[in-house]
Undergrad: 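Mind having a look at this structure? Questions to follow.
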Amino acid sequence: MSNAQTLNALRIAIDMAERERDAARQGLQGALSAQQAAQAQLEQLQSYAQETEARWGPRADARLQPQVLQHHYQFMGRLQHAAGLQTQVLQGHAARVQQTQDQLLKAEQRLLSLRKLLSHKEREQHQLQVRREQKQTDERAMLQHRLRTQATRAP
């Protein structure tokens with residue numbers, strides 16, 4: 001593979017790596033949004049449970065029928081269960097956020113390494129070109145020197 005083909009292949013790889021990084025970044029944004037929505041839903045459940053407990057909770061001065069208390073306790077149990085389930089959902093979202101952060105980090109590291117490799121290859125190619133040009137300049141100078149030397153020796 002020639003140097004130009006190598007550089008072109010690296011540029012294509014960088015373009016693909018940039019797309020992968022961008023997709024990973026979007027995935028992270030989506031995971032963060034889902035996590036925030038799950039957190040908001042958990043907070044709503046907890047807030048509703050607190051409000052309900054404050055409103056309907058047993059009070060010393062209230063004479064509630066046993067059936068009403070039983071329904072209240074069942075309802076509060078369901079709210080607590082829902083909050084527990086939502087906590088598990090939130091933990092799942094936290095794991096997805098961590099996973100997408102890891103994917104983004106890997107994509108950024110890959111992109112960085114490809115860019116460094118391209119830069120290194122471009123420098124190598126530039127140095128090779130400079131050497132070629134210097135060699136050609138030296139050869140032309142040597143040829144001109146020979147021609148002058150031969151012209152001065154000629155009768």
Side-chain angles (χ1 to χ4, degrees), residues 1-140:
M1 186 180 275
S2 73
N3 280 340
Q5 290 173 328
T6 301
L7 293 177
N8 192 39
L10 280 171
R11 287 184 184 107
I12 291 170
I14 287 172
D15 186 48
M16 291 174 61
E18 285 174 342
R19 282 190 240 135
E20 288 174 11
R21 183 221 34 216
D22 294 345
R25 191 175 285 154
Q26 286 179 334
L28 176 59
Q29 289 172 348
L32 286 170
S33 293
Q35 182 184 33
Q36 290 170 350
Q39 179 66 41
Q41 191 171 8
L42 176 61
E43 290 170 3
Q44 283 178 332
L45 281 170
Q46 291 170 336
S47 175
Y48 184 63
Q50 289 172 350
E51 289 173 13
T52 302
E53 187 62 34
R55 235 180 323 167
W56 293 99
R59 294 175 280 175
D61 63 342
R63 293 191 177 147
L64 298 175
Q65 294 180 353
Q67 289 177 325
V68 173
L69 277 177
Q70 181 182 2
H71 288 299
H72 169 72
Y73 289 133
Q74 287 176 349
F75 182 70
M76 291 306 295
R78 288 182 184 144
L79 274 177
Q80 290 171 351
H81 179 70
L85 291 175
Q86 189 62 27
T87 299
Q88 291 175 357
V89 167
L90 190 57
Q91 290 169 348
H93 283 294
R96 279 190 282 288
V97 165
Q98 183 61 51
Q99 181 183 16
T100 56
Q101 284 175 331
D102 292 345
Q103 289 172 343
L104 177 58
L105 180 62
K106 287 177 186 175
E108 287 176 340
Q109 288 172 340
R110 176 169 162 66
L111 181 58
L112 181 62
S113 66
L114 285 171
R115 285 180 175 162
K116 283 183 180 180
L117 181 59
L118 177 63
S119 177
H120 177 72
K121 292 291 184 184
E122 286 175 335
R123 270 194 311 275
E124 281 181 350
Q125 187 176 20
H126 177 71
Q127 289 172 349
L128 184 61
Q129 183 64 30
V130 166
R131 283 188 210 119
R132 282 186 197 138
E133 290 172 0
Q134 184 62 46
K135 183 179 176 183
Q136 288 174 351
T137 302
D138 292 347
E139 287 173 355
R140 273 189 248 124

Undergrad: To the closest 0.5 Å, what do you measure between CG (Leu10) and CG (Asp15)?
TA: 12.5 Å
Undergrad: State the CD-CZ distance between Gln70 and Phe75, to the nearest 0.5 angstrom.
TA: 15.0 Å
Undergrad: Would you say the side chains of His126 and Glu122 form a donor-acceptor pair under 3.5 Å?
TA: no
Undergrad: Over all heavy atoms of both residues, which pair between Ala17 and Leu114 is shortest? Give the atoms and the distance, please.
TA: CB-CD1, 3.8 Å
Undergrad: CD of Glu20 to CZ of Arg25: how many Å apart, nearest 0.5 Å?
TA: 13.5 Å
Undergrad: What distance separates Glu124 CD from His120 NE2, expressed to the nearest 0.5 Å?
TA: 3.5 Å
Undergrad: Have Arg96 and Thr100 got a donor and an acceptor in their side chains that come within less than 3.5 Å?
TA: no
Undergrad: Does Glu139, at its CD atom, have more than 12 non-hydrogen atoms belonging to other residues, nucleotides or ligands within less than 6.0 Å?
TA: yes
Undergrad: Do side-chain atoms of Thr87 reach the backbone of Ala83 as a donor and acceptor pair under 3.5 angstrom?
TA: yes
Undergrad: Can Arg110 and Arg21 be said to form a side chain to side chain contact (heavy atoms under 4.5 Å, CB included), step by step?
TA: CA-CA 9 Å; Arg110 176 169 162 66; Arg21 183 221 34 216; over 6 Å; no
Undergrad: Looking at Glu18 and Arg115, is any side-chain nitrogen of the basic one under 4.0 Å from a carboxylate oxygen of the acidic one?
TA: yes
Undergrad: Can you name the one residue among Glu43, Gln35, Gln36 that meets side-chain hydrogen bond (donor to acceptor under 3.5 Å, both in side chains) with Gln39?
TA: Glu43
Undergrad: Applying the side-chain hydrogen bond (donor to acceptor under 3.5 Å, both in side chains) test to Gln129, which of Arg131, Gln127, Glu133 qualifies?
TA: Glu133
Undergrad: Restricting to non-hydrogen atoms, name the atom on Val97 and the atom on Leu28 that form the minimum distance, rounded to 0.1 Å.
TA: O-CD1, 3.8 Å
Undergrad: Would you call Asp102 and Lys106 a salt bridge, using N to O less than 4.0 angstrom?
TA: no
Undergrad: Going by heavy atoms in the side chains, are Lys121 and Asn3 under 4.5 Å from each other?
TA: no
Undergrad: Applying the side-chain contact (heavy atoms from CB on, under 4.5 Å) criterion to Asp138, which one of Lys135, Arg140, Gln134 satisfies it?
TA: Gln134
Undergrad: Is it the case that the side chain of Gln5 and the backbone of Ser2 share a donor-acceptor pair, with hydrogens and angles ignored and the cut-off at 3.5 Å?
TA: yes
Undergrad: If I take atom CZ from residue Arg55 and atom OH from residue Tyr48, how far apart are they, to the nearest 0.5 angstrom?
TA: 6.0 Å
Undergrad: Gln125 and Ala4: which non-hydrogen atoms are nearest, and at how many Å?
TA: NE2-N, 4.4 Å
Undergrad: Quick one: does any side-chain atom of Gln86 pair with a main-chain N or O of Ala38 as donor and acceptor, under 3.5 Å?
TA: yes
Undergrad: Any donor and acceptor pair, going by atom type alone, linking the side chain of Ser33 with main-chain N or O of Gln29 inside 3.5 Å?
TA: yes
Undergrad: With a 4.5 Å heavy-atom cut-off, do Leu104 and Gln101 have their side chains touching?
TA: no
Undergrad: Between CG of Leu117 and OG1 of Thr6, what distance do you get to the nearest 0.5 Å?
TA: 9.5 Å
Undergrad: Which atom pair, heavy atoms only, marks the closest approach of Leu79 to Ala49?
TA: CD1-CA, 3.8 Å
